[in-house]
Participant: 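Have a look at this one before I ask anything.
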Protein chains: 2
Amino acid sequence: MDENKKNNLQKVLEFIKDYLDRNQKTPTVREIASAIGVSSTSTVVYYLRKLEKKGFISIEGKKSRNIKLKETAFLRKQIPILGLIRAGIPTYAEENIEGYLNVDDFLFQKGDFLLRVKGDSMKDAGIFDGDLVLVKQTPVINPGEIGVFMIDGESTIKQLGLENGHPVLIPKNRDYSPIYPKELVVIGRVTAVIRDLD
Amino acid sequence: MDENKKNNLQKVLEFIKDYLDRNQKTPTVREIASAIGVSSTSTVVYYLRKLEKKGFISIEGKKSRNIKLKETAFLRKQIPILGLIRAGIPTYAEENIEGYLNVDDFLFQKGDFLLRVKGDSMKDAGIFDGDLVLVKQTPVINPGEIGVFMIDGESTIKQLGLENGHPVLIPKNRDYSPIYPKELVVIGRVTAVIRDLD
DNA sequence: ACCATAATCAAACACTTGTTCTATAATAAT
DNA sequence: ATTATTATAGAACAAGTGTTTGATTATGGT
């Protein structure tokens, strides 16, 4: 009973992480409030103090967006390039890793990886067979965004859509049909495309 | 005189990068102002608009710390990003350089530069408005390859074709017509495409 | 010298945002 | 049941912040 009702503290922390990932800044107390469904800013402050006590975040000064995620082990010098992902969340197991790419720190966070695109189902979105896409691992994707999903035990890149509240995976290529997954498994959000023409 | 006074635009961009790296958020206009040594917030706004026009940042809404660094700042080493190239071979003269990007060595060589794509004349080749293309400077391009050419004193990206031994510049977009240049000026060959989706 | 454009400033305004204080539910402990 | 603790709400304030407007000072071209 208590188990599946994720407690708000956790929700706050996750929201902050995700928000930071998307927006290059941490949320305001009011944004957090509305995200977790409480109406008072002081409630959020209450949570933040707790998270701070537990060492997850720190708050310095009174300027805006002053939450700082600790231990954010941001920045990784090398990110792996993965090929087809089979079954489950991508492990960085040797057999999956095509190679490594050195990257600049500030844009990339732990958990990011590059995925080699197979097939041309996204060609109208300018994502071609053989391209590399940068994937940020996150369970949250908004409709309209392009992401990596698990379908029948394999990773696939599609645009997320919504039809009557149900998720649709939209290939950007007239030759392919939308996919209506019974269960949506999100691996991550595609945030960049790299194509080597040589 | 002009040389050692690093221009403010660059300073702003660098400050934002650095600030983001340190603080997990982008700075406020006032913080930027004091960092680069100007006293007016509107001066900063002036710079931000410029940086936005050049595609380095985006600003959405009027909430606090709304600057967002675009830039698929992959990779090590620095190579210049050029905007429209006017007249002649691109010099790395200040006025041409939009900024710098850290890049990985193995993909990039001396003389390479990134060019910000204008327009959608190559969209069927998966090269969209706003993309960055990596250009290797070379006078030699083979038919079928995509390159950067000078047309009427401006740089343009097209696929090279051959008709009866005469060069044609082919836009990969049905809405545009091929160009039959009297004189073919090749700036370089496009060897990669980078698109930032965030 | 004159004009156009680019760069910068100062001030003011409205909206955001962090903080604090008090009050009230909900829950747990006694 | 009574009490203590935990969660949540609401309002209000001061400071922070983005934006705009108008003016002023370079700078560069003719």
Side-chain angles (χ1 to χ4, degrees), chain A residues 1-16 19-20 23-54 56-69, chain B residues 1-16 19-20 22-54 56-69 83-84 86-87 93-99:
Chain A
M1 291 294 145
D2 315 289
E3 281 304 330
N4 61 350
K5 192 214 165 191
K6 207 190 259 178
N7 85 2
N8 275 347
L9 248 199
Q10 186 119 359
K11 276 210 262 179
V12 170
L13 187 57
E14 275 170 22
F15 177 71
I16 295 172
Y19 190 102
L20 175 61
N23 303 296
Q24 304 186 355
K25 66 192 174 199
T26 44
T28 65
V29 288
R30 284 167 181 82
E31 285 167 338
I32 296 172
S34 93
I36 64 170
V38 301
S39 73
S40 177
T41 58
S42 57
T43 303
V44 174
V45 171
Y46 176 71
Y47 289 136
L48 293 179
R49 296 262 152 75
K50 278 196 154 183
L51 286 173
E52 193 174 21
K53 228 163 247 161
K54 296 195 175 199
F56 288 112
I57 64 173
S58 65
I59 302 173
E60 307 138 5
K62 340 185 175 182
K63 304 188 119 194
S64 73
R65 300 174 188 278
N66 256 328
I67 302 167
K68 210 168 173 187
L69 266 182
Chain B
M1 289 295 143
D2 313 287
E3 280 306 329
N4 60 350
K5 192 211 166 194
K6 202 194 258 177
N7 87 2
N8 276 347
L9 249 198
Q10 186 118 359
K11 276 211 262 177
V12 170
L13 187 57
E14 275 168 21
F15 176 70
I16 295 172
Y19 190 103
L20 175 60
R22 285 175 205 285
N23 304 296
Q24 303 186 355
K25 67 193 173 197
T26 44
T28 65
V29 288
R30 283 167 182 81
E31 284 167 339
I32 296 172
S34 94
I36 65 170
V38 302
S39 72
S40 176
T41 57
S42 57
T43 303
V44 174
V45 171
Y46 177 71
Y47 289 136
L48 293 180
R49 295 259 154 76
K50 279 196 154 182
L51 287 173
E52 192 175 22
K53 228 164 247 161
K54 296 194 174 203
F56 286 111
I57 64 173
S58 65
I59 302 173
E60 305 139 6
K62 340 186 176 183
K63 305 188 120 192
S64 73
R65 300 174 188 280
N66 255 328
I67 302 166
K68 208 168 173 189
L69 266 184
L84 247 197
R86 291 211 159 75
E94 282 298 337
E95 76 273 13
N96 285 331
I97 298 184
E98 252 191 52

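Just so you know, these numbers use all the heavy atoms, side chains as well, and skip hydrogens, waters and symmetry mates. Predicted model only: the values in this text are computed from it and were never measured. In what follows, chains are A, B, ... by sequence order, proteins preceding strands, each numbered from 1.
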Participant: Nearest 0.5 Å, what's the CG-CG distance between B:Leu51 and B:Leu13?
Facilitator: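 Rounded to the nearest 0.5 Å, the CG-CG separation comes out at 5.5 Å.
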Participant: Which residues pass the ring-ring contact (aromatic ring centres under 6.0 Å, His included) test with B:Tyr46, not counting sequence neighbours?
Facilitator: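 Listed in chain order: nothing, the list is empty.
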Participant: Quickly work out the B:Leu48 CG to D:dT19 P distance and round it to whole Å.
Facilitator: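 From B:Leu48 CG to D:dT19 P: 9 Å.
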Participant: How would you list, by chain and number, every residue that makes a side-chain hydrogen bond (donor to acceptor under 3.5 Å, both in side chains) with B:Ser58, sequence neighbours excluded?
Facilitator: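 In terms of side-chain hydrogen bond (donor to acceptor under 3.5 Å, both in side chains), with neighbours along the sequence ignored, B:Ser58 is linked to B:Glu60.
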Participant: Nucleotides 4-6 of chain C: which of its N/O atoms have a protein N/O under 3.5 Å away?
Facilitator:
none

Participant: Please, which pairs that meet salt bridge (Lys or Arg N to Asp or Glu O under 4.0 Å) have at least one residue in residues 32-50 of chain B, sequence neighbours excluded?
Facilitator: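 Pairs touching residues 32-50 of chain B that pass the test: none.
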Participant: Do any side-chain atoms of residues 35-42 of chain A form donor-acceptor pairs under 3.5 angstrom with protein atoms, and if so which ones, sequence neighbours left out?
Facilitator:
from, atom 1, to, atom 2, distance (Å)
A:Ser40, OG, A:Ser42, N, 3.2
A:Ser40, OG, A:Ser42, OG, 2.8

Participant: Is there a side chain to side chain contact (heavy atoms under 4.5 Å, CB included) between A:Ile67 and B:Lys25 once you walk through the steps?
Facilitator: CA-CA 9 Å; A:Ile67 302 167; B:Lys25 67 193 173 197; over 6 Å; no
Participant: Under the 3.5 Å rule, do the base of C:dA10 and the side chain of B:Ser40 count as making a donor-acceptor pair?
Facilitator: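 A donor-acceptor contact between them is present.
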Participant: Considering only heavy atoms, which members of residues 25-36 of chain A lie under 4.0 Å from some atom of DNA chain C?
Facilitator: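 Nucleic-acid contacts, sorted: A:Thr28, A:Val29, A:Arg30.
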Participant: Rounded to the nearest 0.5 Å, what's the gap from CD1 on B:Ile32 to OG1 on B:Thr43? Could you check?
Facilitator: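 Here the rounded value is 11.5 Å.
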Participant: Using atom CG of B:Asn23 as one end and atom P of D:dG16 as the other, report the distance to the nearest whole Å.
Facilitator: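 Between P of D:dG16 and CG of B:Asn23: 16 Å.
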Participant: Testing the basics here: between A:Ile59 and A:Leu48, what is the closest heavy-atom pair and its distance to 0.1 Å?
Facilitator: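 Heavy-atom minimum between the residues: CD1-CB, 3.8 Å.
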Participant: Calculate the interatomic distance between A:Ile57 atom CD1 and C:dG18 atom P; express it in whole Å.
Facilitator: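 Rounding to the nearest Å, CD1 of A:Ile57 and P of C:dG18 are 12 Å apart.
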Participant: Could you state the CZ-C1' distance from A:Arg65 to C:dT16, rounded to the nearest angstrom?
Facilitator: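 So the CZ-C1' distance, A:Arg65 to C:dT16, works out to 9 Å.
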Participant: Using every non-hydrogen atom in the two residues, find where A:Glu31 and A:Thr28 come nearest and quote the distance to one decimal.
Facilitator: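 Closest approach of A:Glu31 to A:Thr28, heavy atoms only: OE1-N, 2.9 Å.
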Participant: Taking only N/O atoms, report every protein-nucleotides 21-26 of chain D pair under 3.5 Å with atom names and distance.
Facilitator:
none

Participant: Quick one: B:Glu52 CD to D:dG18 C1', roughly how many Å, whole number?
Facilitator: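 Nearest whole value for this atom pair: 13 Å.
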Participant: Kindly write out the residues that satisfy side-chain hydrogen bond (donor to acceptor under 3.5 Å, both in side chains) with B:Lys68, not counting sequence neighbours, or none if the list is empty.
Facilitator: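 side-chain hydrogen bond (donor to acceptor under 3.5 Å, both in side chains) check on B:Lys68 returns nothing, list empty.
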Participant: Which nucleotide in the list C:dT20, D:dA9, C:dT16 gets nearest to the side chain of B:Lys63?
Facilitator: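 Of C:dT20, D:dA9, C:dT16, C:dT16 is nearest to the side chain of B:Lys63.
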Participant: Rounded to the nearest Å, what distance is computed from the CD1 atom of residue B:Ile59 to the P atom of nucleotide D:dT20?
Facilitator: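 So the two atoms are 11 Å apart, to the nearest Å.
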Participant: Under the side-chain hydrogen bond (donor to acceptor under 3.5 Å, both in side chains) test, which residues partner B:Ser64, sequence neighbours left out?
Facilitator: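 Expected list: A:Ser64, A:Arg65.
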Participant: Please confirm whether the shortest side-chain N or O distance from B:Ser64 to OP1 or OP2 of C:dT17 is below 4.0 Å.
Facilitator: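 For C:dT17, OP1 or OP2 has a side-chain N or O of B:Ser64 closer than 4.0 Å.
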Participant: Between B:Gly37 and B:Lys62, just flag the one whose closest nucleotide in DNA chain C comes earlier from the 5' side.
Facilitator: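 Closest to the 5' end, via its nearest nucleotide, is B:Gly37.
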Participant: Using atom CG of A:Asn66 as one end and atom P of C:dT17 as the other, report the distance to the nearest whole Å.
Facilitator: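 Nearest whole value for this atom pair: 13 Å.
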Participant: Looking for any heavy atom pair under 4.0 Å, which part of the strands does A:Thr43 touch: base, sugar-phosphate only, or nothing?
Facilitator: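 Result for A:Thr43 = base.
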Participant: In chain order, what residues pass the side-chain hydrogen bond (donor to acceptor under 3.5 Å, both in side chains) check against A:Asn23, with sequence neighbours excluded?
Facilitator: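 A:Asn23: no side-chain hydrogen bond (donor to acceptor under 3.5 Å, both in side chains) contacts found.
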Participant: Quick one: which of D:dT19, C:dC9, D:dA9 gets closest to the side chain of B:Val38?
Facilitator: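 Closest nucleotide among those given: C:dC9.
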Participant: For the side chain of B:Thr41 and the base of D:dT17, is some donor closer than 3.5 Å to an acceptor across the two?
Facilitator: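 Absent.
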